[in-house]
There are 2 protein chains.
Amino acid sequence: MEILDRKYRILQAIIDDYILTALPVGSRTISRKYEQKLSSATIRNEMSDLEDLGYLDSPHTSAGRIPSNKAYRLYVDQMLQPIPLSLEDVAYIRSCFDQRSRQIEQISTRLARALSGVTHYTAAVMTRMPREEQIFSHMQLVPVADRRVILILVTESGAVTQMPVELDAAIDPDVLYTVSKFLSQRLAGCAMSRLHQALLEIAEGEPEEMSKLLKTLAAQDDDNMDTGSLVVGGRSNLLSFPEYSDVEKARNLLSVLETKDKLVSLLNTHGEMEITVRIGPETGMEELKDCSVVTASYRMRDGRVNTIGLIGPTRMQYGRVLSVLNQVGRSIYELFDSQDDEQK
Amino acid sequence: MEILDRKYRILQAIIDDYILTALPVGSRTISRKYEQKLSSATIRNEMSDLEDLGYLDSPHTSAGRIPSNKAYRLYVDQMLQPIPLSLEDVAYIRSCFDQRSRQIEQISTRLARALSGVTHYTAAVMTRMPREEQIFSHMQLVPVADRRVILILVTESGAVTQMPVELDAAIDPDVLYTVSKFLSQRLAGCAMSRLHQALLEIAEGEPEEMSKLLKTLAAQDDDNMDTGSLVVGGRSNLLSFPEYSDVEKARNLLSVLETKDKLVSLLNTHGEMEITVRIGPETGMEELKDCSVVTASYRMRDGRVNTIGLIGPTRMQYGRVLSVLNQVGRSIYELFDSQDDEQK
DNA sequence: TGTTAGCACTCAGGTCAAACGAGTGCTAAC
DNA sequence: GTTAGCACTCGTTTGACCTGAGTGCTAACA
């Protein structure tokens, strides 16, 4: 058991050192820097065992060892110690949720910048509105031009969606207002996902002209409803890691970051609200086979779900990244509290 | 005079070749590939002259010559031949202005992707609404929560801006509608830049409660009015050019592309509606000293100004880039025409 | 039995000189 | 004015060599 413990410590030391230096770690390094009681020969034996167990790889005979993905997995699952953030970092993260800027897009941009600045990795921030869980509160049609209006939908949690609608015929603003009021009453409490259906049902019993308008509205909403935003910050950070000094690799990675679909699928960790760490192949993407992705989701008070992803080399400073994401969570809840105060 | 003409042709050949290969061009290459009537020795003499004139640089004695920025300038100003685009490219560009997607953000994203895809450079697309030239048409206040409303402004050219406003007290939706109608009438024809002022003036003569509301509105609009969007596509393209095989250089460049301010200042070519080419130091940015930036602005029918920037190495395929940007212009005008049709 | 010292061995990376070759500039002849 | 020829330059490639960090194994030690 004692041996097991020692192996464990040695493995941890190797991972720590490799995360720091990105250089294969030799037995002497460990014996000098981490386990001074043991000679390099002993470490060597242990390292050999660890390699047999699949926790270490050796790039070639006369280099040191580097941690395998399996080792990182163990590290993340069991060896992680919380790393306290500096006050500056905390302040920086907090500042993203400043009261003044309510625009989501703006918060996301700031958050992405802050996260990439604090961690030196690349940050992706996705905001989406899970429609299924939203409840319709009211709507309004705002005239823009003769036959063009803007449809505004407000949910019970206070989220607002706008979309342009092209009408078949011009409609008087006052009529639009009346219709808006009418529909708001009729649809109140309806699940956003049923809206389409509900509109068509209402259209049934109405006179020709009205029915036509409702059908137009019902037809519209489906496509444009999707108001997710996706912001990426700190792309250039990746280039400062030695693992991407090979331009071709860097290019591949960057091009993933430019493909919205891939990025979205990376951030969609199926609704779990916790922090997820995916190492190398666990990302399920060939291009990211030597990257790790840490994602975290936060539910905002208006029902929006914010997903943050931090992308870096597999030898990521997991401890620090997790601390940062926890701090983000804390800041979000602080924001809620202060808003509640405000409402009183 | 004939000599002059020959020098000119040789210079052009050198630039063409260098743009193609990124390799210093030697006298033999020119004599074989471009000027078969002349021996390499003759070319050599001419090249020597061209170097004296400042059009060519030699990296070292035994390499060929590379064009100087002065040469690129001459090339862009006088040597450019229009390069016809393939039908695929034209179709691709056209597809960005597809009728169905009116959302600006979406058009910009698609355009950025198309441009970077077609040219293999990096594309930045900025959309802004020059407020000074916009005329107010009407507005509407849409209730969201008790004390939260959305202010929607519509201009005569049909552009729509929305912004959230926090009120001091709850106001009945019907009252909001009446106020909206009232203000729309009073403010009709007002320059958007005067809106703030005009609101305050109206507030003067009104009863306490109304005056308060108007002042809140006036206070709000200034900050949030700025609805420019900025999208960048094809960042990873840059990494495929040999000039950026040095990761440090690439990183610098990428980080410029992540700094919104720098990007905006790069795209702001002071309202000229034509295509602008800036070569190396002409960009006014140290980080871009061996990049060229081609920008073009297009005024959209709703008053928005769209600015496109293509960023690549100084040995850019200027001819092709200009053809692409011209095609974009053409597509935009086609879009207008088809919209006019539709309106009939 | 676990630990350690010692030693032979491996192998990437750096250094150095030589060979190579693409290119130039100059000169002399056409 | 053009061109062939030639000496010269200089970055790049090649290969031999050395170095040093690291390993695995063995034998001795506690």
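Residue numbers begin at 1 in each chain, while the letters A, B, ... track the order of the sequences.
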Practice prompt. Report the distance from atom CG of Asn69(B) to atom NZ of Lys289(B), rounding to the nearest 0.5 Å.
Written response: 11.0 Å
Item to complete: Could you check how far CG of Asp49(A) sits from P of dG2(C), rounded to whole Å?
Response: 11 Å
Worksheet entry | Any Arg65(B) side-chain nitrogen or oxygen under 4.0 Å from OP1 or OP2 of dT24(C) | yes
Practice prompt. Can you tell me which stems involve DNA chain D, if a stem is defined as three or more consecutive Watson-Crick or G-U wobble pairs, both distances under 3.5 Å?
Written response: C:1-30 with D:1-30
Discussion item. Taking the nucleotide of DNA chain C with the nearest heavy atom to each, does Gly64(B) or Asn45(B) sit closer to the 5' end?
Written reply: Gly64(B)
Worksheet item: Is the shortest side-chain N/O distance from Arg44(A) to OP1 or OP2 of dA5(C) below 4.0 Å?
Response: no
Item to complete: Take the protein atom CG of Leu56(A) and the nucleotide atom C1' of dG22(D), then report the distance between them rounded to whole Å.
Response: 14 Å
Discussion item. Among dT24(C), dT4(C), dT3(D), which nucleotide has an atom closest to any side-chain atom of Leu38(B)?
Written reply: dT3(D)
Practice prompt. Answer yes if the side chains of Asp16(A) and Tyr75(A) hold a donor-acceptor pair under 3.5 Å, and no otherwise.
Written response: yes
Worksheet item: Do you see a donor-acceptor pair shorter than 3.5 Å between the side chains of Arg9(B) and Gln12(B)?
Response: no
Worksheet item: Rounded to whole angstroms, how far apart are CG on Leu23(A) and C1' on dG22(D)?
Response: 13 Å
Worksheet, complete the sentence: With the side chain defined as heavy atoms from C-beta on, Ser27(A) is closest, among dT23(D), dT3(C), dT24(C), to dT23(D)
Worksheet item: Just checking, any donor-acceptor pair under 3.5 angstrom between side chains of Ser58(B) and Glu51(B)?
Response: yes
Practice prompt. Check the surroundings of atom CZ in Arg73(A): do more than 12 heavy atoms from other residues, nucleotides or ligands lie under 6.0 Å from it?
Written response: yes
Worksheet entry | Residue whose closest nucleotide on DNA chain D lies nearer the 5' end, Ser62(B) versus Ser39(B) | Ser39(B)
Worksheet entry | Euclidean distance, atom NZ of residue Lys7(A) to atom C1' of dT3(C) [Å, nearest integer] | 13 Å
Practice prompt. Could you state the atom-to-atom distance from NZ of Lys33(A) to C1' of dG22(D) in whole Å?
Written response: 16 Å
Worksheet item: Taking for each residue the nucleotide of DNA chain C with the nearest heavy atom, is it Ala63(B) or Ala41(B) whose nucleotide lies nearer the 5' end?
Response: Ala63(B)
Fill in: Met47(A) CE to dT4(C) P, straight-line distance once rounded to whole Å
16 Å
Fill in: Atom-pair distance (CD1 on Ile43(B); C1' on dG25(C)), nearest Å
16 Å
Worksheet item: So does Thr61(A) get a side-chain nitrogen or oxygen closer than 4.0 Å to the phosphate oxygens (OP1/OP2) of dC11(C)?
Response: yes
Worksheet item: What integer distance in Å separates Arg6(A):CZ from dT1(C):P?
Response: 15 Å
Item to complete: To the nearest 0.5 Å, tell me how far Leu253(A) CG sits from Thr122(A) OG1.
Response: 7.0 Å
Worksheet item: Please, which pairs that meet salt bridge (Lys or Arg N to Asp or Glu O under 4.0 Å) have at least one residue in residues 309-327 of chain A, sequence neighbours excluded?
Response: Asp89(A)-Arg320(A), Glu243(A)-Arg315(A)
Discussion item. Please determine whether a side-chain nitrogen or oxygen atom of Arg28(B) lies at a distance below 4.0 Å from atom OP1 or OP2 of dG21(C).
Written reply: no
